[in-house]
There are 2 protein chains.
Amino acid sequence: MTDERRKFKRESAEARKEALILATLELVAENGVRGATVRGIAERADVTQGLIRHYFSSKEELIIAAYEHHMNQMTDLTFAPGAAAGSARARLRAFVDGSLTPPVVDPRALALWASFLNKVQNDPQMKETHQRTYAYFRDRLEALIAAALEEAGHPAPAARLRQLAIACNAVIDGLWLEGGALPDAFAAGELVEIGRQSVAAITGLDLEQEAET
Amino acid sequence: MTDERRKFKRESAEARKEALILATLELVAENGVRGATVRGIAERADVTQGLIRHYFSSKEELIIAAYEHHMNQMTDLTFAPGAAAGSARARLRAFVDGSLTPPVVDPRALALWASFLNKVQNDPQMKETHQRTYAYFRDRLEALIAAALEEAGHPAPAARLRQLAIACNAVIDGLWLEGGALPDAFAAGELVEIGRQSVAAITGLDLEQEAET
DNA sequence: CGAGTAATTATGCAAGTGTATAATTTCTCC
DNA sequence: GGAGAAATTATACACTTGCATAATTACTCG
C-alpha cells in the first residue's frame with residue numbers, strides 16, 4: 001500500500017491550455033479572481049498545480065488568457081446568429097435576440113464580467129481588451145441602426161446615431177444584467193420581447209413585421 | 001529609542017464602526033472583497049487589526065455591514081432629488097437625473113457593485129438585501145411611470161406597466177454601468193440627456209417640456 | 001486623584017497563497 | 001524495445017491570511 005505517484009496522460013499544449021483556461025473561468029465565476037487559486041484550478045482541471053507553471057509563467061498570465069478567451073466567446077455568441085445576410089432590420093433584430101438569450105444572458109457570464117471588472121480597471125492589457133470589445137460592440141450596433149434607418153427611409157445624422165447606439169446598447173446591457181442577476185424574475189422570451197420593443201421605440205423602427213412592401 | 005507602544009484615542013462605538021465600514025468600502029472597491037484584507041482595512045482606518053475583531057465578530061460580518069451601508073447610501077442618493085413634490089412627470093425626470101449623475105454614476109460605485117456581486121449570489125443575507133433593494137427600485141419606477149401616464153391621459157394596463165418599468169430600469173442601469181465603466185467616454189450631461197430621451201421614447205411620455213396646459 | 005473597566009494594541013498561530021525547483025513518468029523515434 | 005526529451009508530478013519555501021488571546025492604555029466615576 002505504498003503511496004504511488006499519480007498516473008497521467010500527456011496532452012497537447014493546446015488541449016491542456018484550454019482545459020486550464022476553462023477550469024479558471026469556472027472558479028473565477030464561482031469565487032472571483034482571488035478566490036480562483038492555483039491549487040483550485042489545478043484540481044478542477046484534474047492536474048497538479050505545478051503544471052500550471054509549465055504552461056503559464058504566472059497566475060496573472062493565466063487570468064489574462066482566461067479573460068480574453070471569455071470575451072472572444074461572448075463576442076462570437078452575440079454576432080454569430082446575425083451573420084447570415086438579410087435586411088438590416090432582420091440583422092438588428094438578430095443582434096438583440098442573440099444578446100438577450102442564453103448563453104449570453106446567464107448568471108455565470110454576469111459573474112465572470114463582475115469578477116474581472118476590478119482587474120480590467122487596473123491591468124493595462126485587460127483594460128485594452130475591454131475597451132476594444134466594448135467599442136466593437138457599439139460600433140457594430142451603430143452600423144446596424146444606421147443601415148436599418150436608411151433602409152426604412154429615415155436616415156439620421158451622425159450625432160443622433162451615436163446617441164441611439166448608446167441608448168440601445170444601454171437597454172441591451174441593462175436587460176442582460178438583470179437577466180443574469182435575477183434569472184427567475186423573467187419568463188422565457190420576455191427579455192427578448194422587451195428588448196425588441198425598446199430598441200424599436202428608441203429608434204422609431206418596427207422590428208416585428210417582416211414583410212417589406 | 002525603545003519601540004514605544006502606539007498611542008491611541010478612544011472613540012464611540014458608532015464612530016469606529018463607521019470608520020471601519022468606510023475603510024472597508026474603499027478597499028473592496030479597489031481590490032475586491034478578498035483583496036480587502038483585515039490588515040489592510042485596519043491600516044486604512046488608522047487602527048490595528050485586533051480592533052476589527054472587537055467590533056465585528058468576523059470579517060464576513062464587517063463585509064455584510066459595509067454592503068448594507070453602501071446599498072442604503074445608493075438608495076438615498078437616487079431618491080433624494082425627487083422627493084420634492086411636483087407633477088409625476090417631474091418626479092420621473094428627477095429619478096432619471098439622479099440615477100445618471102455622480103455620485104451614483106461613478107467608477108467606484110460600479111466597482112463596489114461588481115465586487116459584491118459574487119457574495120450577493122451566495123450569501124443568503126446579502127442576497128436578500130440585494131433583491132429587496134432591486135424590487136424597491138423597480139416598483140418605485142413602475143409607480144412613477146404609472147402616475148405619469150395617467151397624468152398624461154394615457155393609462156396603461158398592469159402587464160404593460162411591468163414591461164415599461166423593466167425596460168426603463170434597463171436603460172438606466174445600462175447607462176449607469178457604461179458611465180461607471182468608461183467615465184471619459186461621455187460628456188457631462190450626456191447620459192442624462194440620453195436617459196431622458198430613451199425613457200420618453202419607451203413610455204411615449206414627453207419628459208422635457210415643463211408647462212402643463 | 002486613583003481604581004476599575006472597556007477600548008485598543010501587540011503577539012502568535014495554523015491554514016492557505018503563489019512560485020520555484022527537483023524528481024519521475026510518458027511518449028516519440030530510431 | 002530502449003534512449004532522449006518533454007510533460008507531469010512532488011516537494012519545499014517564504015509570505016499572507018483570518019482569527020484568537022494576552023498585554024497595555026485611555027477614559028470614567030467615585
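None of the values given here were measured: they were computed from a predicted structure. Just so it is clear: chains get the letters A, B, ... in the order the sequence lines come, proteins before strands, and each one is counted from 1.
- To the nearest angstrom, C1' of D/dC15 lies 12 Å from CZ of A/R39.
- Side-chain atoms of A/S99 do not come within 3.5 Å of backbone N or O of A/T78 as any donor-acceptor pair.
- Of the N and O atoms on the side chains of B/R138 and B/Y134, at least one donor lies less than 3.5 Å from an acceptor on the other residue.
- B/R5 contributes no side-chain N or O that forms a donor-acceptor pair with the base of D/dT25 under 3.5 Å.
- In this structure, B/R140 is not positioned above the aromatic face of B/F95 in the sense of NZ or CZ being under 6.0 Å from the six-membered ring centre and within 45° of the axis.
- When B/R196, B/R93, B/R89 are each tested for a side-chain hydrogen bond (donor to acceptor under 3.5 Å, both in side chains) with B/E208, only one passes: B/R196.
- In this structure, B/Y67 and B/L25 have side chains that are not in contact, with every pair of non-hydrogen atoms separated by 4.5 Å or more.
- Taking a 4.0 Å limit (strictly below) on heavy-atom distances, residues 41-69 of chain A reaches DNA chain C at A/Q49, A/R53, A/S58, A/K59.
- Within the structure, side-chain hydrogen bond (donor to acceptor under 3.5 Å, both in side chains) contacts touching residues 48-58 of chain A (residues at least two apart or in different chains) are A/S57-A/E61.
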Could you pull out the protein-nucleic contacts involving nucleotides 26-28 of chain D (nitrogen or oxygen on both sides, under 3.5 Å)?
unit_1, atom_1, unit_2, atom_2, d
D/dA26, N3, B/R10, NH1, 2.3

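- The CZ atom of A/R16 sits 12 Å away from the C1' atom of D/dT9 (whole-angstrom rounding).
- Remark: A/K17 is positioned above the aromatic ring of A/F56, its terminal NZ or CZ atom under 6.0 angstrom from the ring centre and at most 45 degrees off the axis.
- Note on ring orientation: taking the six-membered ring where Trp is involved, the planes of B/F79 and B/F137 are tilted (angle from 30° to 60°).
- Mapping B/R34 and B/E11 onto DNA chain C by nearest heavy atom places B/E11 at the nucleotide closer to the 5' end.
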